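Below you'll find the structure, written out as structure tokens, and then a few comments.
On a predicted model such as this, the values are computed, not experimentally measured, just so you know.
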Amino acid sequence: MLLDILVAALLIAGGIFFTAGTIGLLRFPDIRSQLHALTKADNLGLGMLFAGIAIHLASWSVALILLLTWLLALISASLAARVLASSERHIDPAVGDSQ
């Protein structure tokens, strides 16, 4: 019963973070803010969803696969955000002057 509540809380929280990341992507004004919302909130939401799924399935092998998948998603999101932010600097040179 307690594990079911924990799984439900993790899945709901993960869904909320995914929703917040999507809203940030759609509502924030510049690409850096959008990337921040998308990478931070979505990766946290993905981790919570995977934790909820791993607890629900109660399998170490599935938990390990989900952990590795989450780590790969973290790495790819940070690299993609870095590439997009640096490409934006080349398109709009005024962005790099504010730092």
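Under a hydrophobic-cluster definition in which Ile, Leu, Val, Met, Phe, Trp and Tyr are linked whenever side-chain heavy atoms come within less than 4.5 Å, directly or via other members, F50 and I55 are assigned to the same cluster. Taking hydrophobic clusters as Ile, Leu, Val, Met, Phe, Trp and Tyr residues chained together by side-chain heavy-atom distances below 4.5 Å, W70 shares a cluster with L66. With hydrophobic clusters built from ILVMFWY side chains whose heavy atoms lie under 4.5 angstrom apart, V62 shares a cluster with L49.
In this structure, OG1 in T39 is found 7.0 Å from NE2 in H36, a value given to the nearest 0.5 Å. Taking NE2 from H56 and CG from D4, the interatomic distance works out to 7.5 Å, rounded to the nearest 0.5 Å. How far CG of L74 is from CG of N43: 4.5 Å, rounded to the nearest 0.5 Å.
Every residue meeting the side-chain contact (heavy atoms from CB on, under 4.5 Å) condition with A37, not counting sequence neighbours, appears here in chain and number order: F28. Under the side-chain contact (heavy atoms from CB on, under 4.5 Å) criterion, S78 pairs with no residue at all, not counting sequence neighbours.
With T69 as the fixed residue, the side-chain contact (heavy atoms from CB on, under 4.5 Å) test singles out one of I65, L72, L71: I65.
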For residues 10-23, tabulate all N or O donor-acceptor pairs below 3.5 Å that involve a side-chain atom, not counting sequence neighbours.
{"unit_1": "T19", "atom_1": "OG1", "unit_2": "G15", "atom_2": "O", "d": "2.8"}
{"unit_1": "T22", "atom_1": "OG1", "unit_2": "F18", "atom_2": "O", "d": "3.0"}

